[in-house]
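To keep things clear, I will list the structure first and then write my remarks on it.
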Amino acid sequence: MSAPTAQQPSRGVAVPAAVGVVIAAVVAVLVVVSVVVSLTEDRLPTGPALPPPAAMAPTVSFDAPTRIVRYAEVTTRMPGTPYTCPETPGSTPPLLSSGILCSAPVHPDYEGTSDWTATAGFGSVADGITRPTAEATARAFFATFRSVAFDNRTTTLAKLATDQADLDGHQVALVSGNVGYTVPGVPSSFDRVLVVVLPVDDGDYAVYFSSRPDDTPKATLDVLNASIDGLSYD
């Protein structure tokens, strides 16, 4: 063991002069920052005002078990059996930006693999068809449907009619007509096409449309008519 050394009086830890200057500078900066924060923490942000977030566009909703479909403030029940409908809405260009398309066989396997069907659809009118008025939109929708729904076959048009009706205080436009055709293996000679365009609050349009062969069974017509009659505004 070494001999104990004599105790020296405590004088504290000596700080080199350069280190002391650095510490003093850091403390000064922190004081300045704290003063700036205290002066600005209660101020509103400056700069140009940001635009409010865009409103969510209404979308088509569909409850598959009940077949109740809605777009904005318009609703109905899609036709029941023998019509089949998808589980969820989808786009059907160039007709619908969002909607439901249901079909019922009228002449099964007319080509050995395909069915000639009756069709019923509901949804939001695609932008390319939308016009300034409900009547003009209904006419454009009818013409587009005729051009795309019959597989580019040559068709004729008879008994074209345009009308308006009051539905729950809203003026809706209707266009109907017989689209004629000759298709091997299909005894039908025309489809009765109906388009109902319904204005909604945001300036957009809902549409209900149906196309059914002239020899569609009565049971199929009954559920289709019930669906059309069910159209309503909230």
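- Here the closest non-hydrogen pair linking Val223 and Pro82 is CG2-CD, 4.4 Å.
- Side-chain atoms of Val179 and Leu157, non-hydrogen and from C-beta on, do get closer than 4.5 Å to each other.
- Ile68 and Leu167 fall into different hydrophobic clusters, where Ile, Leu, Val, Met, Phe, Trp and Tyr are joined by side-chain heavy atoms under 4.5 Å apart, directly or via other members.
- Using a 4.5 Å cut-off on side-chain heavy atoms (C-beta onward), His170 and Leu198 make no contact.
- For Tyr181, the ring pair (Phe, Tyr, Trp, His ring centres under 6.0 Å) criterion is met by Trp116, Phe150, not counting sequence neighbours.
- No donor-acceptor distance shorter than 3.5 angstrom exists from the side chain of Asp204 to the backbone of Val200, with no hydrogens or angles considered.
- Ser232 and Asp168 share no side-chain donor-acceptor pair at under 3.5 Å.
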Working for side chain to side chain contact (heavy atoms under 4.5 Å, CB included), residues Ile129 and Phe145: CA-CA 10 Å; Ile129 301 178; Phe145 181 86; over 6 Å; no

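- With hydrogens and angles left out, the side-chain atoms of Arg146 and Thr155 include a donor and acceptor closer than 3.5 Å.
- Residue Pro213 comes nearest to Asp191 through the heavy atom pair CA-OD1, 3.1 Å, listed as atom of the first residue, atom of the second, then distance.
- By the criterion of side-chain heavy atoms lying less than 4.5 angstrom apart, applied directly or through intervening Ile, Leu, Val, Met, Phe, Trp or Tyr residues, Val207 is not grouped with Tyr233; the two fall into different hydrophobic clusters.
- Using a 4.5 Å heavy-atom cutoff, the side chains of Leu224 and Arg212 are in contact.
- Counting only heavy atoms from C-beta outward, the side chains of Leu231 and Phe122 approach each other to under 4.5 Å.
- Under the 4.5 Å side-chain criterion, counting only non-hydrogen atoms from C-beta, Tyr83 is not in contact with Thr119.
- Shortest non-hydrogen contact noted between Cys85 and Phe62 is CB-CZ, 4.1 Å.
- A pairwise comparison of heavy atoms in Val195 and Ala138 identifies CG1-O, 4.0 Å as the closest pair.
- Judged by distance alone, with hydrogens and angles left aside, the side-chain atoms of Thr113 form no donor-acceptor pair with the main-chain N or O of Asp109 at under 3.5 Å.
- A distance-only check finds no donor-acceptor pair linking the side chain of Arg153 to the backbone of Thr182 [under 3.5 Å].
- There is no path of hydrophobic side-chain contacts, each under 4.5 Å, that joins Leu95 to Val172.
- Side-chain atoms of Thr117 do not come within 3.5 Å of backbone N or O of Ala104 as any donor-acceptor pair.
- Residues Gln171 and Pro199 form no side-chain contact, since every pair of their non-hydrogen atoms from C-beta on lies 4.5 Å or further apart.
- Between Asp215 and Ser188, the shortest heavy-atom contact is OD1-OG, 2.6 Å.
- When every heavy atom of Ser98 is checked against every heavy atom of Val60, the shortest pair comes out as O-CG2, 3.3 Å.
- Considering only heavy atoms from C-beta on, Arg70 comes within 4.5 Å of Asp234 through its side chain.
- Between the side chains of Ser124 and Ser97, at least one donor-acceptor pair of N or O atoms lies under 3.5 Å.
- A continuous path of hydrophobic side-chain contacts links Tyr71 to Ile228 [ILVMFWY only; heavy atoms under 4.5 Å].
- A donor-acceptor contact under 3.5 angstrom links the side chains of Tyr208 and Ser227, judged on distance only.
- Placement of Phe142 and Phe190 in two distinct hydrophobic clusters is found when ILVMFWY residues are connected by side-chain heavy-atom separations under 4.5 Å, directly or transitively.
- If you take CZ on Phe141 and OG1 on Thr130, they are separated by 10.0 Å, rounding to the nearest 0.5 Å.
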